[in-house]
*Asks:* 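A single structure is presented below for examination.
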Amino acid sequence: MRLIFYILLIFGIYYLFKNIFKSPSSKKKRSNLPWQIEDELVKDPMCGIYIPKSKAIKARVNGQIHYFCSKECKKSYIKQLKEGKK
């Protein structure tokens with residue numbers, strides 16, 4: 001009976017020290033948020049759809065940066081601005 005008690009005591013002490021001296025790198029890093037934002041959405045000024053900023057086609061028009069979903073939308077937007085200035 002004493003043998004079982006000592007074995008349980010040794011295992012208890014082992015797990016206690018194991019948890020106390022656990023390295024911080026072994027702990028899983030979790031965010032408190034249920035979701036995380038991966039990318040910002042930007043609106044295409046020509047067709048009006050929202051696209052991820054990282055996938056958008058970027059163009060500086062009249063000193064402002066605009067984001068487009070495709071090269072066709074970019075060309076159409078610039079063409080429309082030039083026609084409006086004439």
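Values below: all heavy atoms of this structure, side chains included; hydrogens, waters and symmetry mates excluded.
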*Asks:* Would you give me the side-chain donor-acceptor pairs under 3.5 Å for residues 66-74, sequence neighbours excluded?
*Replies:*
residue	atom	partner	partner atom	Å
S70	OG	E72	OE1	3.4
S70	OG	C73	N	3.3

*Asks:* Kindly give the heavy-atom pair with the smallest separation between P52 and L41, and that separation in Å.
*Replies:* N-CD2, 3.7 Å

*Asks:* Is there a donor-acceptor contact under 3.5 Å from the side chain of D44 to the main chain of I49?
*Replies:* no

*Asks:* Which residue, L16, L9, I10, forms the side-chain contact (heavy atoms from CB on, under 4.5 Å) with I13?
*Replies:* L9

*Asks:* Of all the heavy-atom pairs spanning I65 and K58, show the shortest one and how long it is.
*Replies:* CG2-CG, 3.7 Å

*Asks:* Would a hydrophobic clustering, with Ile, Leu, Val, Met, Phe, Trp and Tyr connected at side-chain separations under 4.5 Å, put F5 with Y14?
*Replies:* no

*Asks:* What distance separates L81 CG from N62 CG, expressed to the nearest 0.5 Å?
*Replies:* 6.0 Å

